[in-house]
Every structure is written in C-alpha cells, then in structure tokens.
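This report refers to the structure that appears directly beneath it.
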Amino acid sequence: MNQTFSTDIVIVGGGIAGLWLLNRLRQRGFDAVLLEKATLGGGQTIASQGIIHGGLKYALNGVLSPASSAIAAMPEHWRRCLLGQGDVDLRGCHVLSPHYYMWSSGGYRSRLKTFLGSKALRGRIDALDERDYPDFFRGRDISGALYRLSDFVVDTPSLISLLAEPHRDRILCIDTETMQMALADDGHLENLTLQSRNGIVKLQAQRFVLCAGEGNGPLLQQLGITQPEMQTRPLHMLAARVPHAQPAFVHCIGDSFGMTPRLTVTSHPDPTSESGGWIWYIGGEIAESGVQRSAEEQQAEGQRQLGEAFPWVDFSAAQWSSFFINRAEPRLPNLQRPDNAFVSAKQNLLITWPTKLTLTPDLSDSVCAELERQGVQPQAAPAANADSSATLSSCFDFPEVAKPRWEHLFRGA
Ligand code: FAD
C-alpha cells in the first residue's frame, strides 16, 4: 500500500547535528521527522573525542581570529544545557571530564606562556600550580607548563541516546537504496519516497534539512547541487587499552608551535573491563600525519610518542588499535578549515555541517534563524497521513545508537 505523510521539516541524518536540531524544532512547535540510514551517531559523532572546546587550540598560532572568538562561547552554552538551563536539556548526559588540559613541554614554554598569558585569553585558560594538577599528573616531575582550559569532555553515546530517546516516534531507520527524491523543474524538492515495512511511503515537507555529515556529498550529487561542495579530511585515530592507567584528558603541545597539538588524548570507559578500566583515544597531529602510515606503523608511532610524553605510564601490557575516519565539512576557498557551523539554503533545502561537535548549538541557531527569515511556520499535525490512520513509526524501525569503535576493536583481543 502506498501512503503519503506530511510534516513541517524532514531532517536527513541522525548524528549530533540532526538530533540536536530535531530537539530544537520540536520545542518550537514544528512537526519534524529525522531519517537515519544506519545507526544514530555512527558517522563522526560517536567516533569524535567528545571535547567541547572554546577554540583555544585554533589560536595556537598566536592569532585570535573572530572565528576563534565565536567558538569561545560554546563551552558555556553546553554547560547551561547540561544543567537543564539551555536551549536543549542535556541533564543526564555523562561528562567524562569536567576539564581539559594543555601541556606544553619545555622547549616552547616561554613563547607559549607569553601568548597564553595575553589579555585576549584571560579567563579562558589557567596556568596550574602543582597542587592543582589532575590525578594523572599529580606528583610527576613534568617539564614545561600545564594549563586548564575552559573545555570539557562528554560521553558521546550518552549524549546521542539522551537527544534521541524523547523522539522515538519521529526517528526512522530508512533504506537509502530505495530512497527517491522527486525534484520539480525549478530544483524544488517535492517529496521523498521510501520503502517501508508497509509499502511505499511518500514524505512531503515544507523544508528538508541535510545533516548527513559525509553522506551530504552523495545527496548533493543526486540532487544535482554543485555548491556548496563537501571536503573530507582523513584521520588515522589511535586507541589503546592501557591496564591500570588513570584517565588522561590532555593536549600535548609539540615542538612546532602550530595549529594542531602533537597528541590529543581523551579517555573513555572500557566496555570489556569489570574493574572500571579506560580506553585511551588519541588524535591530534599524529592522527593527521598518520593517514600516510599503515595500521602497524601508526600503532608503533603511537607507542613511541606516548611513551616519550608520559614516561611514568607502563605501556608494556597495552593493546593498541587504530582506524581511519574522515571529517566532513564544506569546501572553503584555499582549502581553509571552516571555523563555524555551516548552513546554506537552496530552494526548500538547507544544507548543513556543524564542522565540530562543539558548534552544534550554533548550527541549530542558524537553521532556526533561516527558517524564520524564510517565514516558515509550524503547520503540520504530527506527521499527518492523508490516507489512513497509520503512523510513520509503525512503518519504520527506530535506529540503534552506535557503539564506540573500540567495542569491537578490543573485544576478544
Ligand atoms: P555525523 O555524526 O557524521 O552524522 C551523520 C549521520 O547521517 C550518520 O549517522 C549517517 O549514518 C547519516 N547518513 C548519512 N547519509 C545518509 C542518508 N543518505 N540518509 C540518512 N542518513 C544518512 N568535534 C569536536 O567539537 N570535538 C571533538 O573532540 C571532535 N573530535 C573528533 C574526532 C574525530 C575522529 C572526528 C572524525 C571528528 C571529530 N570532531 C570533533 C568533529 C565532530 O565529530 C563532527 O563535526 C560532528 O560529529 C558531525 O556531526 P554530524 O551530525 O554532522 O555528522
């Protein structure tokens, strides 16, 4: 049986961008439906390190650009949400570390210190006295200086579950192989048709919002849209199961005083440990340059660099793993890296990339502002079906929340 449903907004993609937006739109009285092709958060979001940052690492070249100032407000925005006082209620989201640290080893200390002590950064960073060191560094004779940033780290699976759970009836697991997009002559997207367990479903909406991360590229191609264009930045991320190690949350600034910390370390609960162990997850420059290395080479390089950075940690029984993943973002002139959430309107489509987990609230604000600018108002009754009393959620499954990669990387290891 073919069925037609009308809604105000269809969101394509169930990562952080789509789920945050779904929450914002429904609060504003819009009827909205989110389509996910695989697992919720299973693209970049759950693979991210979960650092909600104020952009300081982008200021490491010594220049505080307007963009790095814009991102500065984000940690405070998220903190209000975690307290239930923000635009999205994140009470119950697990925070892995309330602080994030930056450690500059000896060589560049004085230059870094001058910059970090500058007026522009006042209030966003504190140089720590030894007695305020976090447990991981306490009592260690470290060279250089340790700073506490305004950043913190969230547990992304708990974030995704929290945002999805209240909207189970509006989040649909779809088969993209069967998805067809009907375009009018003027490029307007008239509807989407999908195969459901009850036959073909046609979805009509006032606006369609693409929040599909790397999936936006093929969707734009299918729609014949050449601008905006997507770019991907590959990373070779490292994970280490380090027995008895304490959790570490730190950027290690290397010898080059540049944009990317040498190592960016976060720690995540080890799902296979009964005694509360941690998986260390490592990005930063090592993950960028690591795209040129094989898995074996990358893991050996990880052992070498981490052993050098943290000589007091016993890595002898550590298990190492690594995987490749792309960051997806809009292509900017001169191959620049975007610093803000990106939203572009084409006909009745909005094309979006948050570019960073941190900037997701900014993305939703921009989409809401664009809808307001275009005069789009809530109209539809909840995913109304013109032909019968069937509901959308009776036609599709609810997608699962993705598991962190190390759940299978280390299981059985
Ligand atoms: P995604 O999370 O990729 O979600 C897109 C979703 O769309 C996926 O679930 C996918 O299955 C679905 N999809 C794709 N195509 C279709 C389709 N045709 N139909 C339906 N669904 C579709 N940012 C930070 O601020 N802090 C960090 O610490 C951080 N660490 C990172 C570490 C790594 C390794 C990576 C890769 C990124 C990191 N980022 C970080 C960036 C951040 O993770 C991303 O900017 C953000 O998660 C993107 O969210 P998204 O919802 O746009 O995309």
Side-chain angles (χ1 to χ4, degrees), residues 11 13-24 34 36 39-58 67-68 70-82 86-90 93-100 149-164 210-216 230 232-233 235 237 249 251 260-261 264-268 281-284 287-288 325-330 337-343 352-367 401-405:
I11 299 168
I16 187 67
L19 287 166
W20 192 290
L21 182 62
L22 179 68
N23 279 265
R24 285 292 306 276
L34 183 149
E36 169 54 51
T39 50
L40 295 171
Q44 299 158 87
T45 303
I46 283 181
S48 84
Q49 294 194 272
I51 307 171
I52 304 304
H53 60 87
L56 197 80
K57 68 174 184 166
Y58 301 102
S68 44
I71 199 174
M74 286 295 128
E76 199 39 49
H77 188 122
W78 280 77
R79 282 201 167 94
R80 280 196 300 276
C81 295
L82 289 164
D87 50 9
V88 164
D89 188 354
L90 294 185
C93 173
H94 189 188
V95 173
L96 293 172
S97 176
H99 300 292
Y100 200 79
L149 312 182
S150 64
D151 311 9
F152 60 95
V153 184
V154 292
D155 177 58
T156 50
S158 88
L159 172 66
I160 291 292
S161 301
L162 195 73
L163 291 172
L210 303 190
C211 293
E214 197 171 356
N216 278 353
M230 185 177 79
T232 53
R233 271 195 294 127
L235 296 170
M237 298 296 287
F249 297 93
H251 290 303
T260 308
T264 291
V265 184
T266 50
S267 305
H268 305 259
Y281 188 34
I282 302 124
E288 293 184 4
I325 184 162
N326 286 334
R327 290 184 82 136
E329 39 192 43
R337 291 180 181 191
D339 284 312
N340 285 319
F342 178 91
V343 176
T352 77
W353 286 278
T355 75
K356 293 169 188 66
L357 179 78
T358 305
L359 284 164
T360 310
D362 188 37
L363 181 138
S364 281
D365 281 349
S366 301
V367 170
V401 173
K403 302 243 183 303
R405 300 272 176 126

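These figures come from a predicted structure and were not determined experimentally.
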- From CG (Asp365) to NE2 (His77), nearest 0.5 Å: 6.0 Å
- Note on the structure: To the nearest 0.5 Å, atom CZ of Arg79 lies from atom OG of Ser150 at 6.5 Å
- If only atom types and distance count, is the side chain of Ser97 paired as donor or acceptor with the main-chain N or O of Val153 below 3.5 Å? no
- Item | Trp353 side chain to Gly213 backbone, donor-acceptor under 3.5 Å | yes
- Note on the structure: Residues Thr45 and Gly15: closest non-hydrogen pair is OG1-CA, 3.8 Å
- Message: Once salt bridge (charged side-chain N to carboxylate O under 4.0 Å, His left out) is applied, do any residues pair with Asp155, and if so which ones, sequence neighbours excluded?
- Response: none
- Output yes when Arg80 and Asp87 qualify as a salt bridge under the 4.0 Å nitrogen-oxygen rule, no when they do not. no
- Item | Tyr281 (side chain) donor-acceptor with Ala47 (main chain) under 3.5 angstrom | yes
- Item | Value rounded to 0.5 Å, distance of CD in Glu288 from CG in Leu235 | 6.5 Å
- Note on the structure: In this structure, NZ of Lys356 is separated from NE2 of His53 (nearest 0.5 Å) by 6.0 Å
- For the residue pair Tyr100 and His251, is the inter-centroid distance of their aromatic rings smaller than 6.0 Å? yes
- Item | Nearest heavy-atom neighbours spanning Gly50 and Leu357 | CA-CD2, 3.7 Å
- Is there a donor-acceptor contact under 3.5 Å from the side chain of Ser364 to the main chain of Pro361? no
- Query: Between Asn216 and Thr352, what is the shortest heavy-atom contact and its length?
  - Reply: ND2-O, 2.8 Å
- Message: If you compare all heavy atoms of Val401 against all heavy atoms of Pro157, which two are closest, and at what distance to 0.1 Å?
- Response: CG1-O, 4.2 Å
- Message: I'd like to know if the side chain of Asp151 reaches the main chain of Pro75, judged simply by a donor and an acceptor atom lying under 3.5 Å from each other, with no hydrogens or angles considered.
- Response: no
- Listed by chain and number, what are the side-chain hydrogen bond (donor to acceptor under 3.5 Å, both in side chains) partners of Asn326, not counting sequence neighbours? Glu214
- Query: What closest approach, in Å, do Ile71 and Gly54 show between heavy atoms, and which atom pair accounts for it?
  - Reply: CG2-O, 3.3 Å
- Message: Strictly distance-based, threshold 3.5 Å: is any side-chain N or O of Thr232 a donor or acceptor partner for the main-chain N or O of Arg327?
- Response: no
- Below 4.5 Å, heavy atoms only, C-beta onward: do Pro330 and Thr355 meet side chain to side chain? yes
- For Trp78 against Thr358, the heavy-atom pair lying closest together: NE1-O, 2.9 Å
- Working to the nearest 0.5 Å, report the span between CZ of Arg24 and CG of Leu163. 12.0 Å
- Message: Looking at Thr264, is its backbone amide N or carbonyl O close enough to the side chain of Gln49 to form a donor-acceptor pair, meaning the two atoms are under 3.5 Å apart?
- Response: yes
- About how many Å separate CG of Leu96 and OG of Ser267, when rounded to the nearest 0.5 Å? 8.5 Å
